[in-house]
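Any value given below was found using the heavy atoms of this structure, including those in side chains, with hydrogens, waters and symmetry copies removed. Every chain is numbered from 1 and lettered A, B, ... according to where its sequence line falls, protein lines coming before strand lines. Since we're looking at a predicted model, the values are computed, not measured.
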Amino acid sequence: MNGIQVDMNRLKKGEVSLGTSIMAVTFKDGVILGADSRTTTGAYIANRVTDKLTRIHDKVWCCRSGSAADTQAVADIVQYYLDLYTTQYGTPSTKTAASVFKTLCYENKDNLTAGIIVAGFDDDTKKGEVYSVPLGGSIHKQKYAIAGSGSTFIYGYCDKNFKEDMTKDETIHFIKHSLSQAIKWDGSSGGVIRMVILTESGVERLIFYPDEYENL
Amino acid sequence: MAGLSFDNYQRNAALAAKSHSQQPKATSTGTTIVGVKYANGVIIAADTRSTQGPIVANKNCAKLHRISPRIWCAGAGTAADTEAVTQLIGSNIELHSLYTSREPRVVSALQMLKQHLFKYQGHIGAYLIVAGTDPTGAHLFSIHAHGSTDVGYYLSLGSGSLAAMAVLESHWEPEMSKEAAVELASQAIQAGIFNDLGSGSNVDVCVMEVGKDAEYLRNYLTPNVREAKQNSYKFARGTTAVLRESIINVCEIDEEEVCVHAAA
Amino acid sequence: MTSIGTGYDLSNSVFSPDGRNFQVEYAVKAVENGATSIGIKCDDGVVFAVEKIVTSKLLVPKRNVKIQGIDRHIGCVYSGLIPDGRHFVNRGREEASNFKKLYSNAIPIPAFADRIGQYVQAHTLYNSVRPFGVTAIFGGIDENGPHLYMLEPSGTYWGYKGAATGKGRQTAKAELEKVIDQNSEGFSARDAVKQAAKIIYMAHEDNKEKDFELEISWCSKSETNGLHKFVEGELFDEAVEYAKKEIAGDEDSDSDNAMSSDDEDAGPDVATTTETPATEGNADRDGDIEIE
């Protein structure tokens, strides 16, 4: 480096990263978020049971990928914003949550490594929604979204197998198979598969161990 | 000239390349620290070696820091930073506790530490295991210098963390007794002491049980006590022959008594 | 209680010994002399109407718009110092825009009222500013239905079924009470437009010697798809016709007002009509404020 060229390494030296496989899928009754559980520092697994599915509001959650420090900080700030929003204006929509994520990620894009999927259930419309907020801070409404280093391996699988308005069991099956493949081919993904299900009836958490998902 | 100037950056780079003396470098502690949750509380443990490059700077330093009476913190990374950040957040936690008239919570210390470290973007080289008890129970977290945090039943950090984690992964089990947990943690630290060059000397332990005062066990184990020497290595008088003797008076000292009378 | 010369009316941030803020009270006086503005809440929306005194025959009819939009779903009308009102609306637009930019949805009207209310209140605290010389009536439709608010120079605001301010407020309020009572079983936006026109015409009766233009806007779920729009065309003409008929019926038609709208120079964007009773040309409003 000579002061003119810039360090192109996205992660700062020694930074903890979420080399990740994450996804969120809308279905008949709402939306399901899924993620692996591996956190790495270089070649070392810093945490093999990480929880990358983070609550932003009662029924708005997000999947985090990129720098652990950055995504945790951003998620904390969005959670604060939505708490404030709730006291002032009432329950925020998933779109509103995604919009706040976008604002933070876009305005600080030079200092952040954060790829986030925002997913939530709207109690008024009884519908699940998924927004993808990738690295540059753009925002994309999708029927389902995949992200993280492991997602590259499952674009084809997901495109072929996703169907609109699946049942809860079909959706869990779809996510489990997708992430199983992502984990299999991506060295930076691994551990357990975590899921969070957002529906009318509330929030449900699931966990799948390697014994179960490796030999599907 | 308008705009940013990178002259100094280039000058420093050129100076660093030319100079024979080493550029200033932060003291980094090769360390092994662990934290283990057990049935009714949590413990943390650390080795006591502090290094400056290849030199052992301190054979018995303290890496367990008190944030509040029942929240303790084990630090790895830059020694000065772990000490400073721990004391700063310790002060703020005490003020917060006085202000709210409540016992400090581990999550509060965690949030304050992570926000402080995130603000400094990794330039504060503190890698911490934060543990403690509060009205909501026992808690165990780790924080990396960039501000990311993890939760766990057992955690290890520092250059000896791989050796320690190997022990924890093979012997940890849920709902252990306090004694078993202390034994496991000290075994994990010893794995670091004996297998990692950056770690060494003794084992410090701090036990935090729900509803009880924290027990700080300084030098809980001392597996590296220096053995007494088998022989005396003093040389007997006269071992060295006297070849010549000469005494030189460098100066003369005259002694004289002077009486001083105080004026009126 | 006399206040002149006591000094308590010179500064914004100082109370008088009996706990009054004279600067705010003077601002209210400015409003009380302003042209009449009203707002009516109906079943699925709100209607705004304002009396525009024609201060010069040289003014181009329909070209001097008073009611303003704050967001696509919020309208606003005010009485008092016009430039203060313009600034008020600009600030309101900023608030609405900032909210939409951050949260990606339109600002709820109660939230808007709260924000702009705080802004107006802040102008009663500092020596470097003076209070707003307007009382604003604003409202519209959000996800919770129609809302109507009136905000005073002190920063206080209340939610109303019908609101009136300005010179003719007493007449207007009395009439609003009647109208809202009569329509308690159901009040369509179209009916509210007609009633609004009538009320402005009635409120103008005490100020007959001066010319005025009528301006009406509305924001209704069924009629304007939740957007704030000006009332124009047939409905507007119908409302004016109804208003005049009602006035004539009430007072045995003591004036034969000649309609003189639809001039060739009038643009299509805003529909208003000019009343031209035979009065003296230049009717400058005297802005003297008296403190008793």
Using a 6.0 Å cut-off, check whether atom [atom1] of [X] has over 12 heavy atoms from anything other than its own residue.
{"X": "B:His96", "atom1": "NE2", "answer": "no"}
{"X": "A:Arg194", "atom1": "CZ", "answer": "yes"}
{"X": "A:Ile207", "atom1": "CD1", "answer": "yes"}
{"X": "B:Tyr120", "atom1": "OH", "answer": "no"}
{"X": "A:Tyr106", "atom1": "OH", "answer": "no"}

Listing, residues 182-189 of chain A side-chain donor-acceptor contacts under 3.5 Å, not counting sequence neighbours, or none:
residue	atom	partner	partner atom	Å
A:Asp186	OD1	A:Ser188	N	3.3
A:Asp186	OD2	A:Ser149	OG	2.8
A:Asp186	OD2	A:Gly150	N	3.2
A:Asp186	OD2	A:Ser189	N	3.4
A:Asp186	OD2	A:Ser189	OG	2.6
A:Ser189	OG	A:Ser21	N	3.3
A:Ser189	OG	A:Ser21	OG	2.8

Item to check | Any residue meeting side chain to side chain donor-acceptor pair (under 3.5 Å) with A:Lys102, in chain and number order, not counting sequence neighbours | outcome: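 In terms of side chain to side chain donor-acceptor pair (under 3.5 Å), with neighbours along the sequence ignored, A:Lys102 is linked to no residue.
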Checklist entry - Using non-hydrogen atoms only, which part of B:Thr149 is less than 4.5 Å away from chain A: side chain, backbone, both, or neither? => result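 Both the backbone and the side chain of B:Thr149 come within 4.5 Å of chain A.
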Checklist entry - Going by residue number, which parts of residues 160-173 of chain B are within reach of chain A, meaning a heavy-atom gap below 4.5 Å? => result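 Hits under 4.5 Å: B:Ser161, B:Leu162, B:Met165, B:Glu169.
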Checklist entry - Say you draw a straight line from CD of A:Gln72 to CG of B:Asp150; how long is it, rounded to the nearest 0.5 Å? => result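 It is 6.5 Å, given to the nearest 0.5 Å.
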Item to check | For the student: nearest non-hydrogen atoms of A:Ala69 and B:Ser148, plus distance | outcome: N-CB, 3.4 Å
Checklist entry - Are a donor atom and an acceptor atom from the side chains of A:Asp76 and B:Gln111 found within less than 3.5 Å of each other? => result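 Side chains of A:Asp76 and B:Gln111: pair found under 3.5 Å.
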Name each donor-acceptor pair under 3.5 Å that joins a side chain in residues 131-140 of chain A to protein atoms two or more places apart or in another chain, with its distance.
residue	atom	partner	partner atom	Å
A:Tyr131	OH	A:Glu129	OE1	3.1
A:Ser138	OG	A:His140	NE2	2.9

Checklist entry - Checking heavy atoms, do the side chain of A:Arg48, its backbone, both or neither come under 4.5 Å from chain B? => result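 When you check distances to chain B, only side chain atoms of A:Arg48 fall under 4.5 Å.
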